[in-house]
Structures are given as C-alpha cells and as structure tokens.
Enquirer: 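If you scroll down you'll find the structure; I have some questions about it.
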Amino acid sequence: MSTADHPAPRSLAEALRARDDHSLAALLRSRPDLITPVPTDLTQLATRAGTRASVVRALERLDRFTLQTAEALAIAADPASYDELLGLMGGDDGDPAVAAALPGAVAGLREQALVWGGDDRLRLVRTARELLAPSPQHPSPTGLGPTVQEVTAGMSPGRIQEIVGTAGLASTHDAVSAAAALTALFTDRGRMDALLGRAPADSLDVLDRLVWGPPYGQVTADPAARLRWLLDRGLLLPTAPGTVVLPREVALHLRAGRAHRAPEPVPPAVEPAGTHTPAVVDSTAAGQAYTALATVEELLKDWDEGGPAVLRAGGLSMRDLKRTAVALDASEPMAAFWVELAYAAGLLASDGEADERYAATPAYDEWLEQPPAERWARLAEAWLLATRTAGVVGGRDAKERPLSALGPGLDRSAAPEVRHRVLTLLAGLPEGTAPAADVVLARLRWERPLRARGGSVARSGESGGEDDDLRSRLVRWTLSEAETLGVTGRGALSAHGRALLGAPGPRAADTDGPAGPGGRLPFPHHPAARLEPLSAAEQTVASAAAARLLTPLLPEPLDHVLLQADLTAVAPGPLRRPLADTLGVLADVESKGGATVYRFTPGSVRRALDAGRTASDLHAFLATHSRTPVPQPLAYLIDDVARRHGHLRVGAASAYVRCDDDALLNEIIADKRAAALRLRRLAPTVLAAETDPATLLEGLRAMGYAPAAESAEGDVLIARAHAHRTPPRTAPEPVPEGPPVPDPTLLTAAIRAIRAGDLASTAPRKVSAGETAPPASGELPRTGSAETLATMQAAVLTGEAVWIGYVNAEGAASQRVIAPVRVEGGFVTAYDHTADEVRTYPLHRITGVAELADEQQ
C-alpha cells in the first residue's frame, strides 16, 4: 500500500475500509464466524475480528511459518517495520528461504485481519499479541522472555543504577532512562560482544542453557559467582524471590537476532513411500470397494429380522459389537467402522419401539436397488462428510463414560476437515504414488501446528492435548479407512477417489511444487485455504463422477455357480441378487474371497423347504444356474431331506407331533434324547409335548428328523424370514466445527450490507438547527416531525441525499442514506443507497433526518 495514495490506517476498521470487495470476501470466507450474524458496518466487523474466540479460531488455522511470523510480531515493537520482522525471522545473517516466504506470510496475516498497517507500521491485533506474547504463566513458543523495560518496571531505582554502573554505563537520573540505557547496550551488537567477551566461561554456560527457552531459572539467596556476574550486569534480572529471567534483548543477541531456533518457511514435502501403476491402484481400490459393499450388505442382512437392542444410554453393547465382529469375520474396531458407516449413510437406525432395537431403514431397500458403483459412492460420501468417528469407540468421554458404537459422544468436528485434507494431499501426488503415514502427519502438523501440538493458545484453554492427539489419530484412521473403503488402493489415491474430491487429476503444485518464491504458495492458493469440503451440490456431482469411473472397474455380477461333488458350490465372482438370495437360503457360506464357496447341508436344504420351496423347485434352480452338471450326491441330499420333510407335523397343543407312521413315533419315544421334550402318546399317530412348538421343532431337528410346522387347519406353515424395517429415518447430520463457510451468494449480500451500513454510519453530516456538532458516529439523528417532513420535501425538490435514523417494525434501529423521490400520505419513497434499491418508509418510524456534508453530495 502506497502511503502517497492512501493515508496510513489508524485502526483495523480503517484498514478494512480500504479493502476492496474481493479482499473482504476472502476474509469472511476464511473466518466465517465474523458474519454470524452479519455486522452492521466495518467498525463492528473489526471489533468482532478482535474478540478472543474469533482470534483463537483464526490462529488455529495458520500454518507453521505464518504462525511463527505472528509470534515474532508479538515480541517485536508495536508497531514494527517489515525490516525489523525480517531480522527476527531470518537473523543477522539472513535466510533466503525466509526472505522469500515472509511476504506471503505477512499477506496471509493481513488477509485474516490479524495484522494491519503498512510495511513501515505492522501491527498485530491486540488480542493476538496478548495470546502469543511471552509471560511467566504462558511462555512464548519462541522461548523468549520479557524485555528489560518490562522486567525492571518494579525494580528499585537504586538497584537499577547499580546494574547500569557495573555494566560500564553512566548513571542516569531515573529508572526509566536507566532501563533505556541497558536496552541500548543489549541491542548494540558491538558493545554486547565486548561485554560478553569479559564474561567467565561458566557464566556463558548459564546463558547457553537459557537462550532458547524457557528463559526462567532459579537462584538461591546467595548466588554462585557465575550467576552473580550475570546479575550484577543485568544479563539476568530477578522477576520474583528466587527466580531470574534472561531479558529478551540479551537472548536475541545470543541467537544472532533470530526469534525462532528453526524457522520453517517451506512445508515438509510429502515424499512417496511406494509407487504403483494407476491401473493396479484402481483395480485394488475397486476390489476393496466391492468388499465394502458386500460387508455392509452382510451386516444389514444379519440384522434383517431386527438387530441388537439399543442400550438405555444409547448405542450398541460391547457384547453385541463382538457378535457383529464375529459375523463379519472382522476385528471389533473394524466392525464398529462398518456399523457407523451404515448409520452415517442412513441405512441403519433404531426402530423407536418400546423394546428398541437396531434395524435397516427403508432407505436400505432403495440402496440395494441402485447400481453397485452408486451404492459405493453413497457410502464414500457419507464417510467423507461424517463427524461421527468410529475410531474412538471403546474409549471414554470427559466424564469417564464408555463410548459405544452408534451411541452418543462420537462426533468429532475436525474429522471431515482432516479426511478432506489427507485425501487432497494424496491427490496432489503423481498418480499411483503412496506416501508413508508419518510423512502425511508431519505435513498436516505443519499446516495446523496449534492443533497438532500444545501451543500458547492451546495452553490458554481453547484447545487441549487430548484434541491434539485426536487429530494425529484422525490422520492415521483416515488413511486406514480410505484403504478399507476403496477410496485408495495400496496407499495411493484411486481415480474414483480423486473424482470424489472434485479433483479429477493430480495437482502436484499443491504438495511438491510451490508456486511462490522460496517454495511457498501465495496465500490465496495456499493448501490451508482449500480445506473446506465441496458444497452439497458440488459433492453430488463429484459423487456421480466417482461412480462413473468406478463402474467399469467392478466385476460384472454372474448368473451361475459351479457345483462340486463334495456338496459345495463355487461362485467365481459376485452373483446377481436373486441368485445370491436364493443360494444364501439353500446353502451356507463356507468361505469368502475372490470366489465364494457355499456348502449344502441337510439343515440348509431343510431351510429352503421351510421357505416354501419344493424338491423339484430346488432341482430346477440348480440345473438352471450351474455351469456344471448337478452332482448325484447333491441330488440325493435334496431328495432325502424332501422325503422326510413334513413327514412329522408339529402344531400347538401346548405342542403335538402327528405322523401316519406309528413306528416312527415309537422310535421317537424310545429315543433318550427326547426325554427333555416330555412326549406322551395321545393316539397311534399323535404325540403330545409339554414344550412350545418352536422348541419341539428344534428338538426333533437336533435328533436328526425333519419335522414341519402346521397351522390349526393342518396346512404346512412356510417359514419365510420377515424383514424388519424402521420407520423412515434421516441420516445423522454432521456436527460442524464453527459456522459453515458462506456461499458466494451470502458473501455478496453480506458485503453489500456491511458497505451500506458503513456508508450510513460514516457519512459526514451537516449540523442541524439547535445542534453545536453533528451526531456522533453510530448515534441516530433526532429531529421533530415537522422538521423531518420539511427536510424530506426540500430533498425531493433539490434531488439531494439525506441521512436518516430508522426503526423498523421489530424495533431494530439503523442508519440509512436515502435520496427522497416522493413524500405523500405519511410515507416517503426514496432510493436507499444502503440497500441499493427504491424503498418506502413510514415517516413516523424515522427518528430524525440530517443533510449530508457538501463533499458527500
């Protein structure tokens, strides 16, 4: 900013007033809390930008080098020049990488409204200075202590004069000038070198231990000679009884002027740990995507007739989670992931009954009818945007209550941002490149240092170590879950994974090819500015694109199996749904993988007969869908079970067994295993039991028989599985971290309203009759009704704009600049400069009117 063209701003509000709309939009986009609600003018926007909560949130979104720049400004003079800041960042010897990156960091801080003023007068927002400046309770991340002036503020004048004299300086008339003399000595490189050149070696060792922080140390009432030498010359100054500190000026001299031991102007490169061909990555990811679909289907099919009960506090019990893990042949953490994924996608919910249980939702049936790639896209999109985090299942909340799958307390607002950023880093690598987890974690720690470690802001109470550790775990969970879900393959982002992010091609510049000098991206294009997920409409388009790319990679469902002589059937790939459903009833799954092996058993065949199939139906089904002839042992098995199926009939007496073959009933009564059923003969062909029909059926089947249940009319009951569904349920809404990023429409409207309000609040006004001065800024004008009407009528004749105070029907007061067009019937019609449109105002709601100064006409 040229001071010749624009005067130096005297406040943050004036600095914001000098910005154009594009710059204001960038600020509001990066700090959306500033327009919640929309400020009335730029003064209110500046005030809100300086509040503690907003500044903390903004600092937490800075990358490491920009944060280091802000920390350096916090220990510099206020205001500081750009050259002074460059000296603190690069040291006396300078650093080309720092010099190249610093303009971008300063521009970033200005864009975030954390720094204002020209390069000759850089000012850090006061709240940010308070948060980042060193203090005994919260040392600065720079490791620097207070200045000589700050430490000596409470010291006795006599003691200060003693230090000045021992340091070889002339005595002064007061403590302030004495402190200034010491400061001048400590900031003079030549004189300091001479002073330290006379220091004992063990005294220099003490300084070496304090120079990079923490700068505080403990001393006894009778310090050792090496400490006494330093204390006498002010190189160490007392802050409290028994405590001394290394003054900031001394530490900076010993550091050769550097505020940080290791400035990090360039982000860590995301180095590849392995490289694969894109085809291998995509095929591997597609295989994982297919497995993910099969796993979710298996989970919900297992819960088809009603899943586990809901705990009183909500969620799934550990016993039910273990059972689910066994059913899915997965670990418990992975079972929790699948359960939470189905819940996030809206496929699973509680049924809301008195005996509340989990079950599939009606959306699950709709999901099953979609093509496989679209089903995967829905799961992947739900995972990408969900704040519920399966990885914390099994831990405990702040009140030491266990966290259970599907239960409360699993939302982690940072999860979508971390997932999106991790995948964006992968998208920035060449296709087929897989980085190591530690490398990705190091990069994200550079981009969000206050969230990846405990910093001064974190220690102030706004962020904690638990959240910092969680963020690191989120990175590792993201990499693992993306591989499990098929977003990545062999650690590299797949083509459909790129499309899911809205990034169809690799963007190496985001990661390894910085566009700015010194290897740093200019702030508006910095990776940290691209963390927000796509809008809902954009994500829908991206998910559809991902499904299109995945479709040709998924295996085509088959309509056949290979029957084996050992009573097994091999499905060499995924089966079409009707075939898979029927085969799942007729046979038991023995093994899964690239090919699924089904085994036929008497129990599985009986299950198909119980479902209403006949032996001829089963023979025809197998002959139609097998590429190999139906083996004779399988045909015999079906006929044998069918011949005995229904020979015994069980009904309700409590229960009874009837059979036309009385010899078979004699065999059952004589069997010792039937003792528990407590059977007795009622007739030659009928046995009665004291158990219920279901128990009797299971008991006889356990003895090797094939009984069938019958109705009161004597008809065979067909036992078909009843699919239990919940009422219509919506997927859980993500819990956002702060206000959402405003869309362009809202940004345009907000900036327009802020500009208009600022125009109304800052427009110069003439002094009206009876006033000695115009109203203060923000104060509504006050005039009588007659004067208001006369001024409005005069403005209509002259075509001049006036300034009014207006109170709407809700009682909200505002200031407006209007150009009256017509005054009649108690209303004034005018062009409202604030709203940029013609409006009509009731005269009785106008508090007063004032003419604008001549230069505003």
Side-chain angles (χ1 to χ4, degrees), residues 288-353 355-365 367-368 375-376 378-380 382-383 386 388-397 401-412 415 477 480-486 580-581 584-585 588-593 596 598 607 721-726 729 731-732:
Q288 290 294 107
Y290 171 74
T291 302
L293 293 177
T295 304
V296 172
E297 287 185 42
E298 184 177 359
L299 166 68
L300 294 175
K301 186 181 295 183
D302 189 51
W303 292 6
D304 207 36
E305 298 182 53
V310 180
L311 292 174
R312 181 177 301 176
L316 200 64
S317 69
M318 287 304 298
R319 178 181 299 177
D320 288 327
L321 181 62
K322 290 178 181 178
R323 290 173 179 168
T324 303
V326 171
L328 298 179
D329 192 22
S331 63
E332 290 173 28
M334 191 52 60
F337 168 72
W338 292 121
V339 168
E340 282 292 336
L341 179 63
Y343 179 55
L347 309 179
L348 173 67
S350 60
D351 58 15
E353 301 292 340
D355 181 20
E356 197 171 17
R357 310 186 75 82
Y358 289 108
T361 64
Y364 170 64
D365 297 309
W367 180 76
L368 285 177
R375 283 188 280 140
W376 176 86
R378 179 167 177 175
L379 294 179
W383 168 76
R388 291 184 63 84
T389 307
V392 301
V393 171
R396 292 188 176 273
D397 63 12
R401 293 173 299 196
L403 296 171
S404 57
L406 300 179
L410 298 189
D411 285 290
R412 298 295 182 270
W477 290 337
S480 173
E481 292 167 0
E483 188 76 12
T484 301
L485 194 54
D581 292 342
V585 175
D588 298 323
V589 175
E590 187 169 83
S591 65
K592 303 174 185 177
T596 304
Y598 294 85
R607 186 170 64 230
H722 173 66
H724 179 62
R725 293 291 181 266
T726 71
R729 294 280 192 264

Enquirer: For L316, does its backbone N or O pair with a side-chain atom of R319 as donor and acceptor, under 3.5 Å?
Expert: no
Enquirer: Between P732 and Y343, what is the shortest heavy-atom contact and its length?
Expert: CD-O, 3.1 Å
Enquirer: Report yes if some heavy atom in the side chain of P402 is under 4.5 Å from a heavy atom in the side chain of D397; otherwise report no.
Expert: no
Enquirer: Are L368 and L300 side-chain neighbours, meaning at least one heavy-atom pair lies under 4.5 Å?
Expert: no
Enquirer: Can you find a pair of side-chain heavy atoms, one from L485 and one from W376, that are under 4.5 Å apart?
Expert: yes
Enquirer: Closest heavy-atom contact between A415 and A386?
Expert: CB-O, 4.0 Å
Enquirer: To check you understand the geometry: which heavy-atom pair defines the closest contact between E356 and D351, and what is its length?
Expert: CA-OD1, 3.5 Å
Enquirer: Kindly give the heavy-atom pair with the smallest separation between V310 and S350, and that separation in Å.
Expert: CG2-CB, 3.9 Å
Enquirer: Are D302 and R323 side-chain neighbours, meaning at least one heavy-atom pair lies under 4.5 Å?
Expert: no
Enquirer: Does the pair R357/D320 count as a salt bridge with the N-to-O cut at 4.0 Å?
Expert: no
Enquirer: I need the single residue from T361, L341, V339 that forms a side-chain contact (heavy atoms from CB on, under 4.5 Å) with L348. Which is it?
Expert: V339
Enquirer: Any side-chain heavy-atom pair from M334 and T295 closer than 4.5 angstrom?
Expert: no
Enquirer: Are side-chain heavy atoms of W367 and E297 found at a separation under 4.5 Å?
Expert: yes
Enquirer: Determine whether a donor-acceptor pair (N or O, by modelled atom type, separation under 3.5 Å) exists between the side chain of R725 and the backbone of P362.
Expert: no
Enquirer: How close do G314 and S404 get, counting heavy atoms only, and between which atoms?
Expert: O-OG, 3.5 Å
Enquirer: State, to 0.1 Å, how close L299 and A342 come at their nearest heavy-atom pair, and which atoms those are.
Expert: CD2-CB, 4.3 Å
Enquirer: Nearest 0.5 Å, please: how far is CD in E340 from OG1 in T389?
Expert: 8.5 Å
Enquirer: Passes side-chain contact (heavy atoms from CB on, under 4.5 Å), L403 versus R396? Steps please.
Expert: CA-CA 5 Å; L403 296 171; R396 292 188 176 273; 5.7 Å; no
Enquirer: Could you give me the CA-CA distance, side-chain angles and deciding distance for R375 and L347, then say whether side-chain contact (heavy atoms from CB on, under 4.5 Å) is met?
Expert: CA-CA 11 Å; R375 283 188 280 140; L347 309 179; over 6 Å; no
Enquirer: Between atom CH2 of W477 and atom CZ of F337, what is the distance when rounded to the nearest 0.5 Å?
Expert: 12.5 Å
Enquirer: Check whether R378 reaches the backbone of A345 with its side chain - one donor and one acceptor, N or O, closer than 3.5 Å.
Expert: yes
